[in-house]
K.L.:
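Here it is: the structure, laid out below.
Reckoned from all heavy atoms, side chains included, excluding hydrogens, waters and symmetry mates. In the text below, chain A, chain B and the rest are named by the order of the sequence lines, each starting its count at 1. Worth saying up front: this structure is predicted, and the values here are computed from it rather than measured.
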Amino acid sequence: MPRFFLVFLSIVTAFSAFAASPVSENPDLEKRVVALAEELRCLVCQNQTLADSHAALAIDLKNRIRELLREGKTEREVLDFMVQRYGDFVLYRPPLRATTALLWAGPFILLALGVAGLIVWLRKRKPSQAEVTQ
Amino acid sequence: MNRRRFVPLALFAVTAAFLAVGLRLDPRELPSPLIGKRAPAFALPLLHQPDKVFSHSEMLGTVWVLNVWASWCVSCREEHAALTALARAGGAPVVGLNYKDEAEQALAWLGRFGDPYTLSLHDREGRLGMDYGVYGVPETFVIDRKGVVRYKRVGILTPEIVRERILPLVKELQRA
């Protein structure tokens, strides 16, 4: 029985090693894959990065990134590959363009409006307070 | 002073307006970067004759529809009637792209529900799907005579979409 168990265990570990092989074979490449996967959005689960996602498409895309890097493509080229197919939306940090200008400027516009509103409000308030202290 | 009373109402109106628009937008519907660009090239085996390879160049000169589907895709069953109607309307050949699927299951699915496709490509690993930016099956593309993508739909086809968007577009492209 223990022998059977040992055989079973060795088979299981052998297979798990096989399943994990594309990941562990080259740690430098793997680091680059993960760094890129963190820049890219999983299109199936839109609030996750590719790195965080286990969706089938995310796994395919990570494998494709690995393949492209192995072929000698640069990080820029891999990102371009994804944008060509899935659009700017696939980037977690969208580029500054006419269509995304509001996205980038919006918070600052709101901040400016808030500050302007506050100043107007404070100025209006002053005379009444002066009256009170007099 | 009196005007101040309307501030909450105005705030409510602005919030309501934003929500009315925002909640109606479908975040899954992304603009395709492929529209207006050449459809990605392919040379894939046919689902019914795996030893035969079919290439994109054979569709040049024809306005055609590409429908991405899989036997594991539940919503593909939902759009099947609308897709069949589109194929029967005869405006344009409908090419099926069987995406990340096993041939056996795909063929069984077509046998069970009916095969609306002029021909079916078999993209077992989903590589061509990736080139077409597929992220949610079913997806449908309309491609013109020159091989340029003119329309893309992510999600199921409805009879309205077929009638009001796809068929008129096919007619228009055929006239051009």
K.L.:
Does B:L167 belong to the same Ile/Leu/Val/Met/Phe/Trp/Tyr cluster as B:V149, with side-chain heavy atoms less than 4.5 Å apart forming each link?
P.N.:
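The answer is no; the residues belong to distinct hydrophobic clusters.
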
K.L.:
Give a yes or no on whether B:L128 and B:V65 share a hydrophobic cluster (residues Ile, Leu, Val, Met, Phe, Trp, Tyr; joining criterion: side-chain heavy atoms under 4.5 Å apart).
P.N.:
no

K.L.:
Grouping I, L, V, M, F, W and Y whenever their side-chain heavy atoms are under 4.5 Å apart, do A:L57 and B:V154 come out in a common cluster?
P.N.:
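Yes: a chain of side-chain contacts under 4.5 Å links A:L57 to B:V154.
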
K.L.:
Under 4.5 Å heavy-atom distance to chain B, tell me which part of A:V90 shows up: side chain, backbone, both or neither.
P.N.:
neither

K.L.:
Should we count CZ of A:R32 as having more than 12 external heavy atoms under 6.0 Å?
P.N.:
yes

K.L.:
Can you tell me how far the CD atom of B:E125 sits from the CG atom of A:N63, to the nearest 0.5 Å?
P.N.:
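Atom-to-atom, B:E125:CD and A:N63:CG are 11.0 Å apart.
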
K.L.:
At a 4.5 Å cut-off on heavy atoms, which part of B:K100 comes close to chain A: side chain, backbone, both, or neither?
P.N.:
side chain

K.L.:
Could you tell me whether B:L19 atom CG has more than 12 heavy atoms of other residues or ligands within 6.0 Å of it?
P.N.:
yes

K.L.:
Closest approach of B:P33 and A:Y86, non-hydrogen atoms and distance?
P.N.:
CG-C, 3.8 Å

K.L.:
Could you tell me which non-hydrogen atom of A:R85 sits nearest to which non-hydrogen atom of B:M130, and how far apart they are?
P.N.:
CD-O, 3.2 Å

